[in-house]
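Keep in mind it's a predicted model, so treat the numbers as computed, not measured.
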Number of protein chains: 2
Amino acid sequence: MSLSAILGPLDDASPLPLYQQLQRALRDAISTNVLGPDDALPAERDLADEFSVSRITVRKALDGLVGEGLLMRKQGAGTFVTGRVEKNFAKLTSFSEDMIARGRKPHSVWLSKSEGSVNPEEALTLGLSPGTGVFRFHRIRYADALPMALEFSTVPTAVLSSVAQVDSSLYEALEREGNRPTRALQRLRAVLFTADQAELLGVKPGDPGLLIERRGFLKSGRAVEFTQSYYRGDAYDFVAELNTLS
Amino acid sequence: MSLSAILGPLDDASPLPLYQQLQRALRDAISTNVLGPDDALPAERDLADEFSVSRITVRKALDGLVGEGLLMRKQGAGTFVTGRVEKNFAKLTSFSEDMIARGRKPHSVWLSKSEGSVNPEEALTLGLSPGTGVFRFHRIRYADALPMALEFSTVPTAVLSSVAQVDSSLYEALEREGNRPTRALQRLRAVLFTADQAELLGVKPGDPGLLIERRGFLKSGRAVEFTQSYYRGDAYDFVAELNTLS
DNA sequence: ACCGCAAAGTACCATTTAGATACCAATAAA
DNA sequence: TTTATTGGTATCTAAATGGTACTTTGCGGT
């Protein structure tokens, strides 16, 4: 069944531009699950044929929906309805690696990188003595153009030579210095986003989110990482596979 | 019996790439124990013949599953299904044990026990044919006097003789009938409580919660349980210890 | 007359998917 | 040790897809 047969033709006489009509039609199709998560849209050239418009017009319509985070483009592959990202909770992978494995492009916007001394909370959770030097990282994490999480990381200066070492991936930087954690304790709980957090993530205050606190350890048992990540509840699923139940 | 005969042919016309179709087919075969732990897969060249695709396509499919940790390659020997390792996650599954470990007394209040036919969602998630009979259970779970979670469970009638069998523990009842699940897939996400849910749990509508959906499987791969649990975000933390490396 | 916008047309580029073929490296069995 | 089998890797080809850059046309407002 072709999309145009379901959505109906566009109105050439309408004052609303064609690309906006198409955009609205597709947005409706997505919201009513005519196009479900991860479904591929017809190719741009096919859409253009189906709706009897030019490919440029199709692209303008898709541009808008990509901007809204409803669609995802993969060059050479197609355009897809954005689905929830599924994160395997039982696997100790970094956000960057995770997104790449899912075919999405991760990037971060740094809010701050700084150096200082542990505060009492960090000293407690990381098992460090007061006065120990730490690096602190604060950033927004994106998948493609979609903000996914706010992240606060604390790392002892002993395991990293400088803040500049950390570019796109904290774990990569730790790996380079031979200090990638091999074990971690994670704690997860539900939170509501504050106004500040919501604005950074492009959601509404009071929207649901997931706070994951992670302490990472080396084989030796030494703590090398304390990270608090606030994930968007509407964009993230955590999946676990279990083999023993009780 | 060849794998392709069990899994069916790939769809050349599907918008989903061939290697992803194959990947999903194999993942299903593993999750349903058609391919058990430590089983060897057919050689890449044989898989290519069986499914009428090139070896490269087979390798791309296997690459993904190796990345997910489901398969292990041994050059010169073969490709094998990995044994599971996420033992620590068992903690996530048992409400009762978790509460006891925290020094609290768990108990449940039944809201309903009923018998009926699967709805489409259940049929899909449990892999049952439409019209199959199921038992449904709905209860509130408490820690001491504090309501902690709402639970909806669905179980095929085939694995349980009657609803009356289920008293304090669904798993105990399944155990008595020799149908206790040995493996499960869990999915977790952040939600906001509706007015109905909030009232039952003694929280405010719009408060944050965690929805955990669990599908439980027998050794044979047969699905025996679909449970949705809504946990209070303010009263429950999920803790996990991770050992897996990547 | 000029400008900005919507729309269409055209061409070419980069990436992904899929395949074909060949050869190398590790393993296991004879 | 030898041989066959297995996974690992490297080139190619080709088609389909999204990405981008240009040009042209018509409309409406200034």
Side-chain angles (χ1 to χ4, degrees), chain A residues 2-4 9-26 35 38-67 69-82 99-105 144-145, chain B residues 3-4 9-26 35 38-67 69-82:
Chain A
S2 70
L3 260 183
S4 60
L10 304 182
D11 180 5
D12 228 338
S14 162
L16 202 63
L18 286 175
Y19 78 97
Q20 287 186 29
Q21 292 181 47
L22 180 55
Q23 193 170 331
R24 197 178 50 181
L26 291 174
L35 289 171
D38 295 326
D39 278 359
L41 267 71
E44 294 178 353
R45 291 166 179 83
D46 292 343
L47 279 175
D49 281 350
E50 276 191 36
F51 288 93
S52 303
V53 295
S54 75
R55 189 177 157 219
I56 305 241
T57 305
V58 170
R59 281 188 63 81
K60 283 196 78 167
L62 297 189
D63 283 347
L65 297 171
V66 169
L70 288 174
L71 294 181
M72 220 176 50
R73 279 189 174 119
K74 279 196 233 174
Q75 188 174 164
T79 304
F80 304 85
V81 178
T82 315
M99 289 301 114
I100 290 169
R102 291 167 213 289
R104 310 187 63 163
K105 280 189 193 152
D144 297 316
Chain B
L3 259 184
S4 62
L10 304 182
D11 179 6
D12 227 337
S14 163
L16 203 65
L18 287 176
Y19 79 96
Q20 287 187 28
Q21 291 183 47
L22 180 55
Q23 192 171 329
R24 196 178 51 181
L26 291 173
L35 289 170
D38 297 327
D39 279 359
L41 266 71
E44 294 178 353
R45 290 167 180 83
D46 293 342
L47 280 175
D49 281 350
E50 277 191 36
F51 288 94
S52 303
V53 296
S54 75
R55 188 177 158 218
I56 305 227
T57 304
V58 170
R59 280 188 63 80
K60 285 201 77 167
L62 297 188
D63 283 347
L65 297 171
V66 169
L70 288 174
L71 294 181
M72 239 175 40
R73 279 185 173 124
K74 278 194 233 173
Q75 188 174 161
T79 304
F80 305 86
V81 179
T82 36

Visitor: Whether A:Tyr19 contacts C:dA7 is assessed here as follows: a side-chain N or O lying under 4.0 Å from the phosphate OP1 or OP2. Is that the case?
Guide: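 The answer is no; no side-chain N or O of A:Tyr19 sits under 4.0 Å from OP1 or OP2.
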Visitor: Check if the side chain of A:Arg45 and the base of D:dG18 share a donor-acceptor pair of N or O atoms closer than 3.5 Å.
Guide: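 Flag set: donor-acceptor pair detected.
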Visitor: So, for A:Leu71 and A:Leu41, which heavy atoms are closest and what is the spacing to 0.1 Å?
Guide: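 Heavy atoms only, the tightest pair is CD2-CD1, 3.8 Å.
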Visitor: Please report, rounded to the nearest Å, how far the C1' atom of C:dA28 is from the CZ atom of B:Arg73.
Guide: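 For the pair B:Arg73 CZ and C:dA28 C1', the rounded distance is 19 Å.
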Visitor: Roughly, in whole Å, what's the span from CZ in B:Phe80 to C1' in C:dA26?
Guide: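 Those two atoms, CZ and C1', are 12 Å apart.
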Visitor: To the nearest angstrom, how far is B:Phe51 atom CZ from C:dG19 atom C1'?
Guide: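 Taking CZ of B:Phe51 and C1' of C:dG19, I get 18 Å after rounding.
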Visitor: Please report the closest heavy-atom contact between A:Arg59 and A:Glu44, naming both atoms and the distance.
Guide: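 Between these two residues, the closest heavy atoms are NH1-OE2, 2.9 Å.
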Visitor: Give the nucleotide from the list D:dG18, C:dT17, D:dG7 with an atom nearest to the side chain of B:Arg55.
Guide: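 So the side chain of B:Arg55 is nearest to D:dG7.
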Visitor: Nearest whole Å is fine: how far is C:dA8 P from A:Asp49 CG?
Guide: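 Going from CG in A:Asp49 over to P in C:dA8 covers 12 Å.
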Visitor: Calculate the interatomic distance between A:Met72 atom CE and C:dT16 atom P; express it in whole Å.
Guide: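 That distance rounds to 12 Å.
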Visitor: Using a 4.0 Å heavy-atom cut-off across all strands, classify A:Leu18 as base, sugar-phosphate, or nothing.
Guide: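 It contacts sugar-phosphate atoms only.
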Visitor: Measure the distance from NZ on B:Lys60 to P on D:dT9 and round it to the nearest whole Å.
Guide: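 Between P of D:dT9 and NZ of B:Lys60: 15 Å.
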Visitor: For A:Gly69, is there any backbone N or O sitting under 3.5 Å from a side-chain donor or acceptor partner on A:Thr82?
Guide: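 Looks like yes, one N/O pair under 3.5 Å.
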Visitor: Among D:dG8, C:dT16, D:dG18, which is the nearest nucleotide to the side chain of B:Gln75?
Guide: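 My answer, after comparing the listed nucleotides, is D:dG8.
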Visitor: Starting the side chain at C-beta, find the nucleotide from C:dG19, C:dT16, D:dG18 nearest to B:Thr57.
Guide: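 The nucleotide sitting nearest to the side chain is C:dG19.
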Visitor: When you measure from the side-chain N and O atoms of B:Ser54 to the phosphate of C:dA20, is any distance below 4.0 Å, counting only OP1 and OP2?
Guide: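 No, no such contact exists.
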Visitor: Check A:Ser54 against A:Ala48 and note the closest heavy-atom contact, atom names and distance.
Guide: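 Reported closest heavy-atom pair: C-CB, 3.8 Å.
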Visitor: Considering all heavy atoms of both residues, which atom of B:Phe80 and which atom of B:Ala40 are nearest to each other, and what is their separation?
Guide: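 Looking at all heavy atoms of both residues, the closest pair is CE2-CB, 3.5 Å.
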Visitor: Does A:Lys74 have a side-chain nitrogen or oxygen under 4.0 Å from the phosphate oxygens OP1 or OP2 of D:dT17?
Guide: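 So the side-chain polar atoms of A:Lys74 never come under 4.0 Å of the phosphate oxygens OP1 or OP2 of D:dT17.
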Visitor: Just the rounded figure in Å: distance from P of D:dT5 to CG of B:Leu41.
Guide: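 So the two atoms are 19 Å apart, to the nearest Å.
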Visitor: With the side chain of A:Arg59 defined as its heavy atoms from C-beta on, choose the nearest nucleotide among D:dT20, C:dA7, C:dA18.
Guide: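 The nucleotide sitting nearest to the side chain is D:dT20.
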Visitor: Look at the side chain of A:Ile56 and decide which nucleotide, out of D:dG18, D:dG7, D:dA21, has an atom nearest to it.
Guide: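 Out of D:dG18, D:dG7, D:dA21, the nucleotide with an atom closest to A:Ile56's side chain is D:dA21.
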